[in-house]
There are 2 protein chains.
Amino acid sequence: MDVDIRLLRTFAAVAEEGSLTRAAERLFVSQPALTKQIRQLENRLGVPLFVRSRAGMTLTAAGRALAARAPGLLADWDAALRETRRTASRAERVLRVGYLASAANEATPRIVAEFTRRHPGWRVDMLHATWSDPTAGLGAGDVDAALLRLPFPGQERLRVAELSTEPRWVALPSAHPLADRAEIAFRELWDEPFVAAPAETGRWRDYWLAADEREGHPVRIGAVVDHPDDWLSAIANGYGVALAPESTARFYARPGIVYRPVSGVSPSRIGVGWAPEDDGNPVVRDFVRCCRENT
Amino acid sequence: MDVDIRLLRTFAAVAEEGSLTRAAERLFVSQPALTKQIRQLENRLGVPLFVRSRAGMTLTAAGRALAARAPGLLADWDAALRETRRTASRAERVLRVGYLASAANEATPRIVAEFTRRHPGWRVDMLHATWSDPTAGLGAGDVDAALLRLPFPGQERLRVAELSTEPRWVALPSAHPLADRAEIAFRELWDEPFVAAPAETGRWRDYWLAADEREGHPVRIGAVVDHPDDWLSAIANGYGVALAPESTARFYARPGIVYRPVSGVSPSRIGVGWAPEDDGNPVVRDFVRCCRENT
DNA sequence: CCACATCCATTCCATCAGGTTATGGAAGCA
DNA sequence: TGCTTCCATAACCTGATGGAATGGATGTGG
């Protein structure tokens with residue numbers, strides 16, 4: 001009669017979406033998998049949770065009772081796991097720092113060096129995040145701090161200190177007609193296909209498509225990627241262009257790709273983030289201070 | 001990074017017992033299974049939770065953090081499942097009643113008939129419990145009410161109304177030297193091997209061994225059984241004798257077994273139990289009233 | 001001092017649960 | 001009638017899980 005947490009997550013997703021098909025997309029599994037999971041949950045509880053119809057999945061009274069509790073249970077559960085991880089890394093004297101490829105730059109080694117100088121015996125683990133998680137593991141509590149690009153979705157629930165800004169440039173295939181220009185106006189890129197981050201990154205994706213600075217002009221998506229290497233390949237292969245912070249030109253120089261300054265887009269901001277629970281954590285505070293003093 | 005509830009239960013058991021071996025016994029699985037589960041939990045969290053030694057399993061700091069939260073999480077989880085089931089059975093107009101074989105007697109059909117007369121459209125599901133759960137499913141929230149033998153472990157957390165008492169008799173193999181006596185004094189049975197309920201039923205098991213009424217005389221266990229049929233077989237096969245309520249003599253008459261009155265033991269009490277959450281539930285209250293008025 | 005008991009870890013194996021793809025069936029819509 | 005949109009089912013494959021037997025380390029008692 002034991003029910004897996006995964007089943008509860010599935011249930012919550014289906015209850016929210018009102019549809020197996022849509023929930024399946026959101027959870028990145030096939031629809032039949034959810035059919036089975038929901039039925040399994042119903043069997044283990046001995047209670048029907050949904051009424052099936054062509055219109056979708058509608059909650060029964062019992063389903064509503066469970067749906068009302070599910071978010072709280074899941075949140076408590078995740079909080080307990082986070083707390084456990086935090087305890088562990090403190091006990092081991094390890095500071096876990098997530099970073100987005102594009103947010104780690106020349107300052108990073110200085111920051112880490114300064115931190116370890118101030119905290120002998122401590123180790124800094126730098127954990128590389130994919131673009132599908134713009135919080136670089138902070139949102140899930142996998143890290144104690146993170147070097148990020150602002151803004152990102154979920155920012156309200158975390159603490160963030162802005163460290164620096166950089167102009168945004170554009171990455172182009174070298175064969176691109178604009179590739180030999182010294183500087184490019186953003187409006188000239190409006191009709192170009194763009195290489196974008198996965199859709200679930202929401203606001204972050206929009207920011208890098210500069211969706212707000214197109215004066216209503218629609219975005220064309222040429223490819224969706226999740227990782228710097230794929231990003232570079234997609235651009236080199238001519239699937240599209242992409243905005244990128246200036247430092248990317250130095251860190252990800254590659255044959256087949258050129259980087260050019262862009263006018264008419266706001267600069268990118270780099271920040272360091274941490275969880276509100278760590279406001280009083282001297283180690284995290286010190287790491288943030290090192291970030292501030294070394295950028 | 002999703003962690004199964006089962007792993008948390010395992011973890012809680014191991015943390016409490018301080019030993020894989022003992023926890024394995026308690027959970028009715030093999031010790032290697034727990035070795036694997038604990039390791040899996042540690043891997044998924046990326047955090048060591050125990051320090052292994054020949055003395056057993058000792059919690060690390062992170063392990064203590066998780067152990068502190070685990071009971072609450074598990075309790076919330078179980079409460080949510082209970083609530084969901086309760087909602088379902090109310091919506092379906094089904095009253096689920098658990099019963100111990102020995103607690104259902106001649107009154108039961110009258111109770112159910114009276115209840116369905118007062119609640120047309122409702123159905124009563126009678127669910128038979130094994131002796132390893134003297135709460136007949138109430139403790140786990142599987143039923144809305146239960147017909148029980150008092151006292152039983154966990155009684156404090158439930159509501160109970162006593163319905164009637166019955167003298168306790170003894171069930172003997174027909175070949176037993178005492179089998180042709182009209183009545184037996186309990187002290188004559190002190191040295192007999194007894195057929196007992198599983199050890200995890202604690203107080204309930206002790207009650208049926210009349211452990212308190214032996215004036216310190218130790219109990220001899222001849223067999224452990226979980227089900228009326230096994231119980232009858234064990235007695236008929238001469239593995240031991242057992243106390244039983246008088247009505248058992250009528251419900252479980254069988255060749256090879258005789259029932260005899262016993263003097264010197266307290267009578268057995270039958271009760272109806274329900275969950276405190278249902279104090280305000282008119283259907284459950286009515287069922288309890290039907291029990292009271294029909295015994 | 002050696003046999004023994006007590007722990008946890010490891011290995012091997014059988015089983016089952018979970019996922020995927022492909023397909024079916026029902027119902028609204030044009 | 002054909003198309004789309006739901007969920008259910010079937011067939012298949014992989015990997016996780018649990019059990020039995022065994023190993024290794026470490027105290028303990030005669």
Side-chain angles (χ1 to χ4, degrees), chain A residues 1-60 62-64 66-67 70 74 77 81 132 198 200, chain B residues 1-60 62-64 66-67 74 81 199:
Chain A
M1 94 121 222
D2 229 11
V3 179
D4 193 320
I5 273 274
R6 185 178 38 87
L7 293 184
L8 190 63
R9 278 189 215 283
T10 302
F11 167 77
V14 175
E16 225 174 274
E17 297 285 348
S19 150
L20 286 180
T21 314
R22 280 200 302 282
E25 278 168 26
R26 186 169 123 187
L27 298 173
F28 302 105
V29 292
S30 68
Q31 167 261 313
L34 293 199
T35 294
K36 284 199 239 180
Q37 286 187 18
I38 295 295
R39 186 162 31 229
Q40 187 183 353
L41 182 61
E42 291 179 325
N43 287 344
R44 294 219 194 150
L45 267 80
V47 163
L49 298 169
F50 291 98
V51 177
R52 278 85 163 158
S53 73
R54 70 211 128 297
M57 309 280 284
T58 314
L59 287 166
T60 61
R64 284 194 298 277
L66 186 59
L74 294 172
W77 176 250
L81 295 191
S132 54
E200 68 267 23
Chain B
M1 92 123 224
D2 229 12
V3 178
D4 194 318
I5 274 271
R6 185 179 37 89
L7 293 184
L8 189 65
R9 278 190 214 281
T10 302
F11 167 78
V14 175
E16 224 172 278
E17 297 285 349
S19 149
L20 286 181
T21 313
R22 280 199 304 281
E25 277 168 26
R26 186 168 122 186
L27 299 173
F28 302 106
V29 293
S30 68
Q31 167 261 314
L34 293 199
T35 295
K36 286 187 238 182
Q37 286 186 19
I38 295 295
R39 187 165 29 230
Q40 186 184 351
L41 182 62
E42 291 180 325
N43 286 343
R44 292 217 196 153
L45 266 78
V47 163
L49 298 169
F50 290 98
V51 177
R52 278 86 165 158
S53 72
R54 72 211 146 307
M57 309 280 283
T58 314
L59 288 166
T60 62
R64 283 194 299 277
L66 186 59
L74 293 172
L81 295 190

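Side-chain atoms of B/Thr21 lie closest to C/dC7 of the nucleotides C/dC7, C/dT11, C/dG19. If you check D/dA8, C/dA9, D/dT17 against the side chain of A/Leu20, the one that comes closest is D/dA8. Side-chain proximity of A/Thr35 to the nucleotides D/dA8, C/dA9, D/dG18 is greatest for D/dA8. In this structure, the nucleotide among C/dG19, D/dA10, D/dA16 sitting nearest to the side chain of B/Gln40 is D/dA16.
Two residues are said to be in side-chain contact when any heavy atoms from C-beta on lie closer than 4.5 Å; A/Phe50 and A/Leu59 meet this criterion. Using a 4.5 Å heavy-atom cutoff, the side chains of B/Glu25 and B/Glu17 are not in contact.
Rounded to an integer number of Å, the gap from CZ of B/Arg22 to P of C/dC7 is 6 Å. In this entry the distance linking CG of A/Leu27 with P of C/dT20 reads 11 Å, nearest Å. For the pair B/Arg6 CZ and C/dA17 P, the interatomic distance rounds to 12 Å; values are reported in whole Å. Residue B/Arg39 contributes atom CZ, which lies 10 Å from atom P of C/dT11 at whole-angstrom precision. Atom-to-atom, CG of B/Leu34 to P of C/dT10 comes out at 15 Å; the value is rounded to the nearest Å. Nucleotide C/dT20 holds its P atom 12 Å from the CZ atom of A/Phe28, rounded to whole Å. Distance, B/Glu17 CD to C/dC7 P: 11 Å, rounded to whole Å. If you take CZ of A/Arg52 and C1' of C/dA27, they are 17 Å apart, rounded to a whole angstrom.
With hydrogens and angles disregarded, no donor-acceptor distance shorter than 3.5 Å links the side chain of B/Thr10 to the backbone of B/Gln37. Of the possible polar contacts, one joining the B/Glu42 side chain to the B/Leu49 backbone as a donor-acceptor pair under 3.5 Å is found.
How far CG of B/Leu20 is from CG of B/Leu27: 10.5 Å, rounded to the nearest 0.5 Å.
OP1 or OP2 of C/dT21 has not a single side-chain nitrogen or oxygen of A/Ser30 nearer than 4.0 Å. Within the 4.0 Å cut-off from OP1 or OP2 of D/dG18, at least one side-chain nitrogen or oxygen of B/Gln37 is found.
Counting any heavy atom pair closer than 4.0 Å across all strands shown, B/Gln31 reaches a base atom.
Between B/Lys36 and B/Ser19, the residue whose closest nucleotide on DNA chain C is further toward the 5' end is B/Ser19.
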